[in-house]
Amino acid sequence: MSETVAAHSLIDDPDVQDVVEFHLDLLDSTSTRLWVTLDDADDPTMPLSTVDATFAGFVRTSLGPSPQQFDWPDRLEVSDFWVHESYRGSGLADDLIARAMQQAREDGCEELTLDVAIENERAIAYYENLGFEVQGLGMRVPLQDVTLEASDSEPMTGDHSSVHLRRVRVEEDIVDRFVDECWFPFWRDLGDAVGEQHLSPDLDRDALVEDLLDGYDVPDRRCWVALDDVEDSTVGLDEIDAVFAGWLNAGLEPSDRFLDPPERLFVGNLYVGPSYRGSGLADHLVARAIQYVREEGCVQLSLGVEVDNERAMAYYEKLGFEPRRQRMSVPLDAVET
């Protein structure tokens, strides 16, 4: 993989036992499966640790149940997929995908999904031939290529000069209001932008608040809201009299500890209310994330965006973001194997 995609380069001298422990932890889960293909096996009933055979390829999958707040089908994610060079074109890849499909049906999933690097043209062509379509893009930009500067205490200028940023603290009353003022408007607006509503009709609001409290209660996660027409800036976010004009959350991007990627900050969600678009508020929010990036010693920004969200795509491209990965999916009944 490292010969095709630079981001898959291994760290120097990885500890083999550490790699073994990592995979033991992965497999010690009911949602993860790993299959290998064997050739020239003298006795295929022998344990894999002792079998005399050629290991020709493997596939690892993980179950991705839909979060309760979203109206998405349960999915089976193809996490790792590899066929030895000697077996490419033999149909072995189709056999591995067929095994993943069998598991998906057993687990009640409706879709297969995966991520693939833009540079991996051979893999993309194979997935497209099976019927996979691009649903979203993973985009990145080196920090040195972005010129925005701001701070959370620095006011905006122009028609919306009264807007300023506040950090969302992990407190139940604050997150409870954040859900109504920021989270719901973001997802509803995104649904309008892509022509498909994502929110579940059976959404449990209390459970959502609890999920966000857990998700934000980590040291490397940040969330900021933009406030306008604030009467008293000393009042807490749970009861402040103000217009919530937009928000952004971000966190240090986790990575495979056996790879050697640069440190990145992942922008999870970026939203600007309709009345504030074109005001520079989006830049102000991204600039605050960049300030946090520098504080944490990161060198890149990354994010995910749906391919149908043309307005967001245009904005990120203007900032210098470029596609690096693409999320592809296919309904099970549409896979051609």
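Predicted, not measured: the structure shown is a model, and the values here were computed from it. Heavy-atom basis, side chains included; hydrogens, waters and symmetry copies ignored.
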Can you name the closest pair of heavy atoms from [X] and [Y] and give their distance?
| X | Y | answer |
| --- | --- | --- |
| Asp74 | Gly108 | CB-O, 4.4 Å |
| Leu137 | Pro323 | CD1-CG, 4.1 Å |
| Arg167 | Leu237 | O-CD1, 3.6 Å |
| Arg177 | Ala242 | NH2-O, 4.1 Å |
| Leu281 | Val272 | CD2-CG1, 4.0 Å |
| Leu143 | Arg294 | CD2-CG, 3.7 Å |

Side-chain hydrophobic cluster, 4.5 Å single linkage: members besides Val36: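 Result for Val36 is Leu27, Leu34, Leu38, Met46, Leu48, Val51, Phe55, Phe58, Trp82.
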
Going from [atom1] on [X] to [atom2] on [Y], what distance comes out if it is rounded to the nearest 0.5 angstrom?
| X | Y | atom1 | atom2 | answer |
| --- | --- | --- | --- | --- |
| Trp224 | His164 | CH2 | NE2 | 15.0 Å |
| Trp72 | Glu110 | CH2 | CD | 14.0 Å |
| Asp145 | Leu319 | CG | CG | 11.5 Å |
| Ser329 | Asp115 | OG | CG | 10.5 Å |
| Glu181 | Asp176 | CD | CG | 10.5 Å |
| Leu203 | Phe70 | CG | CZ | 8.0 Å |

Step-by-step side chain to side chain contact (heavy atoms under 4.5 Å, CB included) determination, Val59 to Val78: CA-CA 7 Å; Val59 63; Val78 177; 3.9 Å; yes

Shared hydrophobic cluster for [X] and [Y] (ILVMFWY, side-chain gaps under 4.5 Å):
| X | Y | answer |
| --- | --- | --- |
| Leu190 | Met139 | no |
| Leu114 | Val305 | yes |
| Val330 | Ile124 | yes |
| Leu248 | Val218 | no |
| Val267 | Val225 | no |

Report yes if some heavy atom in the side chain of [X] is under 4.5 Å from a heavy atom in the side chain of [Y]; otherwise report no.
| X | Y | answer |
| --- | --- | --- |
| Leu26 | Arg60 | yes |
| Val307 | Met313 | no |
| Gln326 | Val116 | yes |
| His284 | Arg288 | no |
| Arg205 | Asp180 | yes |
| Leu265 | Glu296 | no |
| Gln103 | Leu76 | yes |
| Leu270 | Tyr315 | yes |

Residues Gln69, His198; criterion side chain to side chain contact (heavy atoms under 4.5 Å, CB included); working and verdict: CA-CA 8 Å; Gln69 60 263 33; His198 296 310; over 6 Å; no

Polar contact flag, side-chain donor to acceptor under 3.5 angstrom, Asn249-Tyr271: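 Tyr271 and Asn249 do not have a side-chain donor-acceptor pair below 3.5 Å.
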
Arg327 and Thr113 side chains, donor-acceptor separation under 3.5 Å: yes

NZ/NE/NH1/NH2 to OD/OE distance under 4.0 Å, Arg33 and Asp107: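 Answer for the salt bridge query: no.
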
From Glu253, Arg140, Arg264, residue fulfilling side-chain hydrogen bond (donor to acceptor under 3.5 Å, both in side chains) relative to Ser302: Glu253

Stepwise side chain to side chain contact (heavy atoms under 4.5 Å, CB included) test for Arg188 and Leu199: CA-CA 8 Å; Arg188 288 168 179 151; Leu199 296 180; 4.2 Å; yes

Test your reading of the model: is there a side-chain donor-acceptor pair from [X] to the backbone of [Y], 3.5 Å cut-off?
| X | Y | value |
| --- | --- | --- |
| Arg169 | Ile174 | no |
| Gln68 | Asp204 | yes |
| Thr54 | Ala56 | no |

Assess whether atom [atom1] of [X] is packed by more than 12 heavy atoms of other residues, nucleotides or ligands within 6.0 Å.
| X | atom1 | answer |
| --- | --- | --- |
| Gln197 | CD | yes |
| Gln17 | CD | yes |
| Glu310 | CD | no |

Aromatic plane relationship, Trp183 with Trp187 - under 30° parallel, 30 to 60° tilted, over 60° perpendicular: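 Aromatic pair Trp187/Trp183 classed tilted.
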
Residue from Val168, Asn269, Leu285 passing side chain to side chain contact (heavy atoms under 4.5 Å, CB included) with Trp247: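 Result for side chain to side chain contact (heavy atoms under 4.5 Å, CB included) with Trp247: Asn269.
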
Name of the residue among Ile240, Val163, Val243, Leu165 meeting side chain to side chain contact (heavy atoms under 4.5 Å, CB included) with Leu227: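 For Leu227, the side chain to side chain contact (heavy atoms under 4.5 Å, CB included) check succeeds only for Ile240.
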
Audit row: Leu130, Ile97, side chain to side chain contact (heavy atoms under 4.5 Å, CB included) steps and yes/no: CA-CA 10 Å; Leu130 289 179; Ile97 288 291; 4.1 Å; yes

Qualifying residue, where the test is ring-ring contact (aromatic ring centres under 6.0 Å, His included) with Phe132 and the options are Tyr127, Tyr126, Phe81: Tyr127

